[in-house]
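Input: a single structure, listed below in structure tokens.
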Amino acid sequence: MSAPTVWRDLLSEVKGTRQRVTVHLYGGQSLKGVVVELDDVNEVVVLDEYAHGSTVAAHESPVHTVALSAVQAVTVHRHE
């Protein structure tokens with residue numbers, strides 16, 4: 001199974017929950033947030049840095065779109 005497939009499977013389990021994750025990218029950057037969208041067609045994940053809750057309609061906080069191929073590792077944190 002390819003790395004993007006592994007991350008897609010892991011991130012789909014927490015999509016739309018209060019579960020916060022840290023996505024570690026190749027090159028050393030890390031992004032923390034909740035998974036608000038997982039686009040299987042384009043293989044990207046959308047993280048909202050400050051979202052809390054299962055319904056995120058309007059994003060007042062920073063939103064990051066990350067290609068799954070750029071993901072080196074994913075850390076799933078405890079519920080806050």
Compare every heavy atom of Ser69 with every heavy atom of Pro4, then report the nearest pair and how far apart it is.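 It is CG-CA, 4.1 Å.
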Would you please name every residue forming a side chain to side chain contact (heavy atoms under 4.5 Å, CB included) with Val76, sequence neighbours left out?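 With sequence neighbours excluded, Val76 shows a side chain to side chain contact (heavy atoms under 4.5 Å, CB included) to Leu10, Val14, Gln19, Val21, Val74, given in chain and number order.
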Under the rule for side chain to side chain contact (heavy atoms under 4.5 Å, CB included), what residues qualify as partners of Gln72, not counting sequence neighbours?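 Side chain to side chain contact (heavy atoms under 4.5 Å, CB included) list for Gln72, sorted by chain: Tyr26.
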Tell me which one of Val6, Thr5, Leu11 satisfies side chain to side chain contact (heavy atoms under 4.5 Å, CB included) with Asp9.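 Among Val6, Thr5, Leu11, the one meeting side chain to side chain contact (heavy atoms under 4.5 Å, CB included) with Asp9 is Thr5.
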Distance in Å, Leu47 CG paired with Arg20 CZ, rounded so as to fall on 0.5 Å steps: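 Result: 9.5 Å between the selected atoms.
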Look up atom CG in Leu31 and atom CG in Leu25, then write down how far apart they are to the nearest 0.5 Å.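 If we round to the nearest 0.5 Å, Leu31:CG and Leu25:CG are 5.0 Å apart.
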Going by atom type alone, with no hydrogens or angles, which donor-acceptor pairs under 3.5 Å involve a side-chain atom of residues 35-43 and a protein atom two or more places apart or on another chain?
residue: Asp39; atom: OD1; partner: Val41; partner atom: N; Å: 3.0
residue: Asp39; atom: OD1; partner: Asn42; partner atom: N; Å: 3.0
residue: Asp39; atom: OD2; partner: Asn42; partner atom: ND2; Å: 2.8
residue: Glu43; atom: OE2; partner: Arg8; partner atom: NH1; Å: 2.9

Passes side-chain contact (heavy atoms from CB on, under 4.5 Å), Lys32 versus Glu49? Steps please. CA-CA 6 Å; Lys32 185 175 182 181; Glu49 193 172 328; 5.8 Å; no
side-chain contact (heavy atoms from CB on, under 4.5 Å) between Leu68 and Val44: does it pass, once the steps are laid out? CA-CA 5 Å; Leu68 292 176; Val44 297; 5.8 Å; no
